[in-house]
Structures are given as C-alpha cells and as structure tokens.
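Data block below; observations after.
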Amino acid sequence: MRRVYLLVKLSICSLALLLAACATAEPLAWRDAAINLAWPPPPNPPRISFLRDVKGPDDVIPEKGNIARFMEFVTGDDTTKTALNTPYGVASNGNSVIYVTDIAAGIVHRYDLAKRTVDYILQAGEEPLIRPGGVAVDRDGNVYISDAGNAKVFKFDKNGTFIHELAGQFQRPAGIAINSRGEKFVVDVLAHKLKVFDVHDTFVRDFPQDDTREQLNLPSNVAIDRKDDVYVTDSMNFMVKVFSHSGSYKYSIGEIGDAPGSFARPKGVAVDRDNHVYIVDASHGNFQIFNQDGKLLLFVGRNGTGPGEFSLPSGIFIDASGRIFVADTYNHRIQIFQYISEGGPQ
C-alpha cells in the first residue's frame, strides 16, 4: 500500500511539474483583432481607436487544458472567479496591470494582462472594503484606494498587501490622483474639497484655495497633467474646473446641457500626453475630448451595449502609452481605447 501511495504521490507531483511547465500563457493582446472601430470615422484621420473590453476573469485567464482541470479535481484547487459587477474607478500601473474598483461588490479587481492572472483586494488589514471608488497607482506600484463606505483611504503595495491608512478626516472620499511630486489629491465629496497628502502620505492642506467665486459643489473625480495642474469634476456645477498646483483657479470646461461640449452627469476626468482633457458623462454615454482652451475636439461613444457604447460610465484613466481605460459601469466591463497622436501610428 505504501508503494502505491508513493507512486500516486509521485504521479501527482509529476503532473504538477508538467502543469507548471505548460502554464505560461501568451500575454493577452491589447487589441481585439475582430473589432475595428475608430473615431472620428473615415475619411477623417483616426484619433481614438477601440482596443478591447474586459468583463472579468474569463477574458483574462487562459482557458484551462485537460491537465489543469485534472489537477483541480485532484487537489480541489478551484479559485473562485468574480466578474465585474459595478466597476467605478480604474487605474493602471503603466504596464500590464489594471485595477478596477467595484463599488457595489465591495472589492477591487487586479488584472495582469501580461501574466494572464486575476487577483482581488477585499480588505485593508482586518477591515473589509465596503464601497471602494477611487483608485490610483504611484511610481513604485503602490495602490491607493478610497472607500466611501468606510470614509477612509487605504494604501497597498503592488502585491495587494495592506500598508496603512491615510490619516485624514474624510466625509466621503472619492477620486484620487497623484502628481509628479508624489503628492496625493483625494476628492472629499461632502466636504466640497480635496485633501492633499505629501510623498510620505502626510496630510498637508485642503484644496483648492478658498475662493467664493469658484467653490466646488459635490466634486467627484480628479486628474493631474504633466505640469501638475489639477482637473476636478465639479459635479453639481456640471463642469470640470482647472487649478494650478497651489490651488489657484485657472479656467473651466463645459456647462449644463445635452449638446456636445456640455454635461448632464460629468464623472471621470483624465488628461493625455498632449494635454487633451477627457471627460466622461454618464447620461450622454460617452467621453468628450477638449483642448486646453476648453474647445470640444471629439466625443466617443453613445448609450448602448456594443463596443464603444456605454451604460452609465464612470471612471477614466489614461496611461503613458496613450491607452484609455473607461469604467463602463452598467455594462459591467472596462473598455480600452488607444489615443493616436497626430501623425502617429494607426
């Protein structure tokens, strides 16, 4: 009996080694070759192209072969997979890793498109996440997550290990952005302000400067450009306001309305490498692109369920390679696009 047991054990170990040797999968291609969409449509030169969407683990993890399925049966190792429920915030480490906050499910999804793996952040130490919304990644790969349910902001390392809580009195934290100096700007919706933390995560000031002419009204999201100017979605004023690093008001983009260039429910905001400003509107089902003068250049999307269509979209993030990530909240997915510079590759 002992000989049989050893043979079975060795066989399982051999299968495990074989499985490990075969487990390396090709990175997930950024572009879905089956879909060819670009904005504006021909004959205009394209400026935004559709890459792909991601609805959950099944779009990232490679399909398992017979050996993998057998090993799951033998070892009982069948990792639970959770699809996107209500994605709200999105950020990337600039390479292959995408973080998505799932505000209703109370989790943060971590997709590594190169390694084809999926992980989850469920709690900060012993404290479970309740309504994670904002997410940002610093230059070292550390992840900052705001939780409106806990009224707290948490920091994790690149492996999802909890580091600490940011010491600040939040009412309802939301969007987060990190500037070139490593400072964190956290929107506090009910305080009608942002809170600024230095590179060591120490609170340093409220933002913007007190100015009765340009007070924020339920801000929700924030982005920062290469000059460290700060772009704040001023939700109930139906615009995005732009401030200097010090908090001085500079100008606004948009107004209330249903025509292109105006907003009904402005949400996420982002800035690309050429300083174009992208603003998501949940009601319009699109994101609109403006220049630094506040002039509308292009809008992408409409209400719907197909590629390049949206249902109450929320967050947006643009990485250094010009990839645009949009949280398509009620289509339960992330859509990824590519910004094409003038004269750039198509």
Side-chain angles (χ1 to χ4, degrees), residues 32 35 37-39 48-56 59 83-92 98-105 108-109 111 131-136 146 148 174-177 187 189 218-223 231-236 238-240 253-254 256-272 276-290 296-319 323-339:
D32 183 343
I35 301 173
L37 281 176
W39 295 262
I48 304 292
S49 64
F50 179 84
L51 295 182
R52 68 161 51 253
D53 66 7
V54 177
K55 300 182 180 70
D59 292 329
L84 291 171
N85 184 355
T86 48
Y88 185 86
V90 58
S92 168
I98 305 169
Y99 294 91
V100 186
T101 62
D102 202 328
I103 198 164
V108 177
H109 306 251
Y111 299 141
R131 288 182 61 82
V135 59
S146 66
I176 307 173
V187 175
V189 180
L218 298 181
S220 59
N221 291 276
V222 58
Y231 300 71
V232 182
T233 305
D234 194 1
S235 297
M236 294 310 295
F238 305 95
M239 62 180 62
V240 165
I253 299 174
I256 187 171
D258 57 8
S262 61
F263 304 110
R265 293 181 64 186
K267 292 286 188 178
V269 57
V271 185
D272 71 21
H276 302 124
V277 185
Y278 297 59
I279 304 170
V280 173
D281 192 291
S283 291
H284 295 171
N286 65 16
F287 60 87
Q288 303 183 58
I289 307 172
F290 299 82
L296 177 66
L297 302 176
L298 180 67
F299 65 87
V300 175
R302 60 183 181 182
N303 286 302
T305 60
E309 299 176 343
F310 301 94
S311 179
L312 297 180
S314 300
I316 184 170
F317 177 82
I318 304 175
D319 70 14
R323 289 185 287 255
I324 306 158
F325 304 83
V326 182
D328 189 5
T329 304
Y330 282 92
N331 280 327
H332 317 293
R333 64 185 177 182
I334 297 297
Q335 295 200 62
I336 308 173
F337 303 82
Q338 178 69 54
Y339 166 61

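As the structure is a prediction and not an experimental result, all values here were calculated from the model.
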Considering residues at least two apart in sequence or located in another chain, which fulfil the side chain to side chain contact (heavy atoms under 4.5 Å, CB included) criterion with Ser311?
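Result, side chain to side chain contact (heavy atoms under 4.5 Å, CB included) vs Ser311: Asp328, Tyr330, Asn331.
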Taking side chain to side chain contact (heavy atoms under 4.5 Å, CB included) as the test, write out the residues that go with Ile256, two or more places apart.
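For Ile256, the residues satisfying side chain to side chain contact (heavy atoms under 4.5 Å, CB included) (neighbours in sequence not counted) are Phe238.
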Look only at the side chain of [X] and the backbone of [Y], and say whether a donor-acceptor pair between them is shorter than 3.5 Å.
{"X": "Gln335", "Y": "Gly308", "value": "yes"}
{"X": "Gln288", "Y": "Ile279", "value": "no"}
{"X": "Asp234", "Y": "Pro219", "value": "no"}
{"X": "Thr233", "Y": "Pro266", "value": "no"}

Residue pair [X] / [Y]: nearest heavy atoms and the distance that separates them:
{"X": "Phe50", "Y": "Pro307", "value": "CZ-CB, 3.9 Å"}
{"X": "Phe263", "Y": "Ile253", "value": "CE1-O, 3.6 Å"}
{"X": "His284", "Y": "Asp258", "value": "NE2-CA, 3.6 Å"}
{"X": "Ser220", "Y": "Ser235", "value": "OG-OG, 3.1 Å"}
{"X": "Arg333", "Y": "Leu84", "value": "CA-CD1, 3.8 Å"}
{"X": "Ala104", "Y": "Asn85", "value": "CB-ND2, 4.4 Å"}

Looking at Thr329, Asp102, Thr101, which one forms a side-chain hydrogen bond (donor to acceptor under 3.5 Å, both in side chains) with Thr86?
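Result for side-chain hydrogen bond (donor to acceptor under 3.5 Å, both in side chains) with Thr86: Asp102.
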[atom1]/[X] to [atom2]/[Y] distance, rounded to the nearest 0.5 angstrom?
{"X": "Ser283", "Y": "Asn303", "atom1": "OG", "atom2": "CG", "answer": "8.0 Å"}
{"X": "Asp272", "Y": "Ile324", "atom1": "CG", "atom2": "CD1", "answer": "7.0 Å"}
{"X": "Ile334", "Y": "His109", "atom1": "CD1", "atom2": "NE2", "answer": "9.0 Å"}
{"X": "Arg265", "Y": "Leu312", "atom1": "CZ", "atom2": "CG", "answer": "5.5 Å"}
{"X": "Phe299", "Y": "Tyr278", "atom1": "CZ", "atom2": "OH", "answer": "15.0 Å"}
{"X": "Phe325", "Y": "Ile336", "atom1": "CZ", "atom2": "CD1", "answer": "5.0 Å"}

If a pair satisfies salt bridge (charged side-chain N to carboxylate O under 4.0 Å, His left out) and one of its residues is in residues 298-309, list it, with sequence neighbours excluded.
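Only Arg302-Glu309 qualify under salt bridge (charged side-chain N to carboxylate O under 4.0 Å, His left out).
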Hey, are the side chains of [X] and [Y] touching, using non-hydrogen atoms and a 4.5 Å cut-off?
{"X": "Ile289", "Y": "Ile48", "result": "yes"}
{"X": "Asn221", "Y": "Val187", "result": "no"}
{"X": "Ile176", "Y": "Val135", "result": "no"}

Would you call the rings of Phe337 and Phe287 parallel, tilted or perpendicular, taking 30° and 60° as the class edges?
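It falls in the perpendicular class, over 60°.
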What verdict does the side-chain contact (heavy atoms from CB on, under 4.5 Å) test give for Val271 and Ile318, after you've listed the backbone C-alpha separation in whole Å, the side-chain angles of each residue and the deciding distance to 0.1 Å?
CA-CA 7 Å; Val271 185; Ile318 304 175; over 6 Å; no
Between Tyr339 and His276, ring centroids under 6.0 Å
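So the answer is yes for these two rings.
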